[in-house]
Amino acid sequence: MQKENRTTIRQIYRQPEAYYDKRVSLSGWIRSNRDSKLFGFIELNDGSFFKNLQIVYEDHSLENFKDVIRLGVGTALAVEGILVETPGAKQPFEIKAESIKVEGPCPSDYPLQKKRHSFEFLRSIAHLRPRTNTFSAVFRVRSLLSYAIHKFFRERDFVYVHTPIITGSDAEGAGEMFHVTTLNLKEAPLTEEGGIDFGKDFFGRETNLTVSGQLSAEAYALAFRNVYTFGPTFRAENSNTARHAAEFWMIEPEMAFADLQDDMMLAEDMIKYIFDYVIRHAPEEMNFFNSFIDKGLLERLNNVISSEFGRITYTEAVEILKKNNDRFDYKAEWGMDLQTEHERYLTEQVFNKPIFVTDYPKDIKAFYMRLNDDGKTVAAMDLLVPGIGEIIGGSQREERLELLDARIRELGMKEEDYWWYRDLRKYGGVYHAGFGLGFERAMMYLTGMSNIRDVIPFPRTPKSAEF
RNA sequence: UCCUCAGUAGCUCAAUGGCAGAGCAUUCGGCUGUUAACCGAAGGGUUACUGGUUCGAGUCCAGUCUGGGGAGCCA
């Protein structure tokens, strides 16, 4: 794996006894360098592990001692030395250096310091911030969380479907979309009516970046039974909040022969599984979040893993909220969508754990959601979590073609735009359900990071796509 | 998009309308086991931008840009 018998710091921390009093070769970057007259200490991070390894170097045993003293934060090194135990010291072991070679120098205008930086500043150097403790932890956890999601579905025989990133027209209605075009915007061809003639565009029609893979996933669910998508999603909303981005990742499972209860069971199992997986496989990172980002994080997550999620219907929720209407700026009333303050009250005050809110009025939900027998509500569910709000939105889909068509017409949409989606009902259509999990929102909940921009490597938000 | 707060040294922040400051970082020096090491010294400024009020503006006013927090939209 590593040439020249090179060892990683992760290997040493995971099995130190295998390396004690042995010579090891390391490579990495200086996180800090302190020197005294005749000796010095380097904190080395090699990217393989959250923690650093301390390198001790001494004047009498290192020929380039005077040069090493001057090396600054960020310098890339190749180090050879003996791993020794250091009982009683703050670090468990360290390397007594025999040779230290500079692989890549780092001049003194390097923006990162040993000191703490604000997240705002680090966003302005998004290409360097993964070298900091916090972002090292965030992005290793992001990688693990992705893996845990695939593992969860794989173990349940779900088929992973790659739904298209570029989609035809805006037939999905989940939000404002980014246009995809090869037309020259200054000299776009026009139709006789004066609009842009997308027939001359690359695809011969108007196309956009996807806002959801759901409709495509439904097609595959009605062939493979249980499927999921996990990919990038784009919304051109001018949203300026800590929990919205223009480009984010979404997990969208879809199950045939499944109702809303099955849908919620899957969502609850998944959240518990993936959180448990990351806690067990990234203990150093999770302890760091628990100590420095969000005190009480692990206790809260362990509570999520071990307790049952709350369940309440929209109608019941409104009844509770109406009794407390004096505390809200927006008064709760049946038929209105729940405000953020309402959702927070329910999940943070009433339940103090994740809760499913189900059976919303049909007029505030999407056209494809299945109409309940009361004729007023649909089989929808939102999963609300303390601190973040909505993390999952899902529903049982309307499988009855005549009811779906009625809804499409009611909303002024055109049946022909949904011809293939309607075919899924016409040919062997069955009841089915699915949901969308905001991957970054799960990241925020899992790490305690409070801004979505700090859980995406190079975030895209309004007026911001520098990197 | 709306409300609100902010923008001063590389970073984190001070400065009643009256001389532009500190800590850290950087550079130099000191120190025989440091842990955000410590001690001493030096260098470092278009106070976001444009205009205005004033004898005098980092400070007051107007506009613009960028960022934070909140709301809407949603995941």
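Note that the coordinates shown come from a computational prediction; the quantities given were computed from them, not determined experimentally. First the proteins, then the strands, lettered A, B, ... as listed; each starts at 1.
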Dot-bracket for RNA chain B, 5' to 3', counting Watson-Crick or G-U wobble pairs under 3.5 Å, with [ ] for crossing pairs and | for inter-strand pairs?
-> (((((((..((((....[..)))).(((((.......))))).....(((((..]....))))))))))))....
Among pairs that include at least one residue of residues 143-152 of chain A, which meet side-chain hydrogen bond (donor to acceptor under 3.5 Å, both in side chains), considering only residues two or more places apart or in two chains?
-> His150(A)-Tyr228(A), Lys151(A)-Glu155(A)
Does His162(A) have any ring-ring contact (aromatic ring centres under 6.0 Å, His included) partners at least two apart in sequence or in another chain, and if so, which?
-> Tyr160(A)
With heavy atoms under 4.0 Å as the rule, sort Gln54(A) into base, sugar-phosphate or nothing.
-> base
Can you tell me the distance, in whole Å, between the NE2 atom of His117(A) and the P atom of G10(B)?
-> 14 Å
Gln214(A) atom CD is separated from C74(B) atom P, nearest whole Å, by 14 Å
So, with a heavy-atom separation below 4.0 Å from RNA chain B, the residues of residues 379-397 of chain A are Glu390(A), Ile391(A), Ile392(A)
Could you tell me the separation between the CG atom of Asp329(A) and the P atom of G72(B), rounded to a whole number of Å?
-> 10 Å
Would you say Ser36(A) reaches C38(B)'s phosphate, i.e. side-chain N/O to OP1/OP2 under 4.0 Å?
-> no
Rounding to the closest angstrom, what is the interatomic distance between C38(B) and U32(B) at atom C1'?
-> 14 Å
Side-chain N,O (Arg123(A)) to OP1/OP2 (G68(B)) below 4.0 Å = yes
Using a cut-off of 4.0 Å on non-hydrogen atoms, how would the nucleic acid contact of Ser124(A) be classed: base, sugar-phosphate, or nothing?
-> nothing
Looking at residues at least two apart in the chain, or sitting in another chain, which of them share a salt bridge (Lys or Arg N to Asp or Glu O under 4.0 Å) with Asp294(A)?
-> Arg300(A)
Taking atom P in both G10(B) and U47(B), compute the distance separating them and give it to the nearest angstrom.
-> 12 Å
Heavy atom of residues 339-363 of chain A under 4.0 Å from RNA chain B: which residues?
-> Gln339(A), Thr340(A)
Could you go over nucleotides 39-41 of chain B and give all protein N or O partners under 3.5 Å, atom names and distances?
none

Could you tell me the separation between the CG atom of Asp337(A) and the P atom of A71(B), rounded to a whole number of Å?
-> 14 Å
Whole-Å distance, Asn240(A) CG to G69(B) P, equals 11 Å
Atom-pair distance (CD on Gln91(A); P on A37(B)), nearest Å = 13 Å
Pair Phe135(A) + Phe119(A): ring centers closer than 6.0 Å | yes
Among the nucleotides A75(B), U32(B), A36(B), whichever has the atom closest to the side chain of Lys37(A) is U32(B)
B/S/- contact track for nucleotides 23-29 of chain B, protein heavy atom under 4.0 Å = BBSS-SS
Residues forming a ring-ring contact (aromatic ring centres under 6.0 Å, His included) with Tyr110(A), sequence neighbours excluded = none
Taking CD from Glu94(A) and P from U34(B), how many angstroms apart are they, rounded to a whole number?
-> 11 Å
Which pairs pass side-chain hydrogen bond (donor to acceptor under 3.5 Å, both in side chains) with one or both residues in residues 92-102 of chain A, sequence neighbours excluded?
-> Arg23(A)-Glu98(A), Gln54(A)-Glu94(A), Gln91(A)-Glu94(A)
Contacts satisfying side-chain hydrogen bond (donor to acceptor under 3.5 Å, both in side chains) that involve residues 327-343 of chain A (not counting sequence neighbours) are Thr315(A)-Trp334(A)
Taking for Phe39(A) and for Asn451(A) the nucleotide of RNA chain B with the nearest heavy atom, the one nearer the 5' end belongs to Phe39(A)
What nucleic acid atoms does Thr241(A) come within less than 4.0 Å of, heavy atoms only: base, sugar-phosphate, or nothing?
-> base
With respect to the side chain of Ser464(A), which nucleotide from G67(B), U35(B), C73(B) is positioned closest?
-> G67(B)
Which residues share a salt bridge (Lys or Arg N to Asp or Glu O under 4.0 Å) with Asp454(A), sequence neighbours left out = Arg123(A), Arg129(A)
Spacing between Met270(A) atom CE and A75(B) atom C1', to the nearest angstrom | 12 Å
Check the geometry between Phe41(A) and G33(B) and answer yes if their rings are stacked (centres below 5.5 Å, planes below 30°), otherwise no.
-> no
